[in-house]
Amino acid sequence: MAPYEYLYGRKYRSPIEWFNVGETILVGPQLVQQAIEKIKLIQERLLAAQSRKKSYADNRRRDMEFQVDGWVFLKVSSMKDVMRFGKRGKLSLWYIGPYRIIRNVGQVAYELDLPSDLESVHPVFHVSMLRKCIVDPSRIVSFDDVQVIE
């Protein structure tokens, strides 16, 4: 028994046997020409589908660039039961920070100035892990200015 027959429980039919007895028998160049036309049609449809998917993805994509000495928030993993940066659980923060950008590493990576409690984390991150932080100096309140009144 041939491996195909054993696996599928029937005899193998070559492409020549795909046609019924009453149909015109395609042999030689006609069969090859028909196969080439079908391959071209498949390639055109794949290219159209690829182009359509690319246009959908490009609508949502935005190029992100940050300035050195700028401030960003760092994305914490949102996966369940994964502990990164000391944050864990369903109600944990999505972003931590803000952290200052020290330098640009390549086109899509930045090195951050992380605090000492995150020294075990590598300081270079992809732009997809960063969110721009708009620093407004007028909104920063020092603890010395705050007083508690009974």
Side-chain angles (χ1 to χ4, degrees), residues 1-10 12-16 18 26 28-150:
M1 180 179 284
Y4 185 88
E5 291 178 43
Y6 180 76
L7 185 61
Y8 296 105
R10 61 178 179 199
Y12 174 74
R13 292 179 55 202
S14 69
I16 294 174
W18 289 353
L26 297 176
Q30 291 178 344
L31 180 64
V32 172
Q33 183 64 29
Q34 187 180 25
I36 290 173
E37 289 172 2
K38 292 207 185 247
I39 289 172
K40 285 182 182 178
L41 179 67
I42 291 169
Q43 286 177 340
E44 289 171 3
R45 289 183 180 171
L46 282 172
L47 190 61
Q50 179 184 11
S51 174
R52 188 171 49 249
K53 290 289 186 183
K54 184 178 182 327
S55 69
Y56 294 155
D58 287 346
N59 286 340
R60 298 199 61 202
R61 181 173 292 129
R62 54 193 162 128
D63 295 330
M64 295 173 49
E65 291 184 10
F66 300 104
Q67 302 297 324
V68 176
D69 290 330
W71 293 86
V72 293
F73 289 108
L74 179 62
K75 185 173 186 177
V76 181
S77 174
S78 61
M79 293 187 296
K80 191 174 183 181
D81 297 333
V82 173
M83 183 149 176
R84 290 189 183 162
F85 311 113
K87 307 293 181 188
R88 180 187 202 134
K90 186 169 141 181
L91 299 176
S92 64
L93 301 172
W94 284 30
Y95 291 93
I96 58 173
Y99 301 112
R100 191 173 61 83
I101 297 175
I102 298 174
R103 68 184 177 104
N104 186 2
V105 181
Q107 293 181 346
V108 292
Y110 292 92
E111 183 177 353
L112 303 181
D113 183 21
L114 298 177
S116 60
D117 59 336
L118 295 177
E119 64 186 16
S120 63
V121 179
H122 192 271
V124 178
F125 296 94
H126 190 265
V127 292
S128 64
M129 298 288 292
L130 304 175
R131 170 80 44 107
K132 183 182 257 185
C133 173
I134 300 171
V135 180
D136 185 6
S138 66
R139 293 185 177 247
I140 299 174
V141 178
S142 66
F143 288 111
D144 299 333
D145 296 340
V146 177
Q147 297 179 4
V148 179
I149 301 173
E150 292 185 25

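Predicted, not measured: the structure shown is a model, and the values here were computed from it.
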Can you see which heavy atom on His122 is nearest to which on Phe125, and at what distance?
O-CZ, 3.3 Å

Any Leu130 side-chain heavy atom under 4.5 Å of Leu74 side chain
yes

Which residues satisfy the side chain to side chain donor-acceptor pair (under 3.5 Å) test with Ser116, sequence neighbours excluded?
none

Applying side-chain contact (heavy atoms from CB on, under 4.5 Å) to Val105 and not counting sequence neighbours gives Arg103, Ala109, Glu111, Val124

By the side chain to side chain donor-acceptor pair (under 3.5 Å) test, which pairs, at least two apart or in different chains, include something from residues 65-74?
Asp69-Arg100

With sequence neighbours excluded, what pairs up with Tyr56 under the ring pair (Phe, Tyr, Trp, His ring centres under 6.0 Å) test?
none

Suppose the criterion is side chain to side chain donor-acceptor pair (under 3.5 Å): which pairs have a residue in residues 40-52, not counting sequence neighbours?
none

Rounded to the nearest 0.5 angstrom, the CD1-CG distance for Ile42 and Leu47 is 13.5 Å

More than 12 heavy atoms of other residues, nucleotides or ligands under 6.0 Å from CD1 of Ile134: is that the case?
no

Hey, mind stepping through Leu112 and Ile102 against side chain to side chain contact (heavy atoms under 4.5 Å, CB included) and telling me if it holds?
CA-CA 5 Å; Leu112 303 181; Ile102 298 174; 6.0 Å; no

Test: salt bridge (charged side-chain N to carboxylate O under 4.0 Å, His left out). Region: residues 115-126. Which pairs qualify, not counting sequence neighbours?
none

Can you list everything that forms a salt bridge (Lys or Arg N to Asp or Glu O under 4.0 Å) with Lys132? Sequence neighbours excluded, please.
none

Who passes side-chain contact (heavy atoms from CB on, under 4.5 Å) against Asn104, sequence neighbours left out?
Tyr110

Can you name the closest pair of heavy atoms from Asp113 and Tyr99 and give their distance?
O-CD2, 3.9 Å

Could you grab the distance from atom CD of Gln34 to atom CD1 of Ile36, nearest 0.5 Å is fine?
11.0 Å

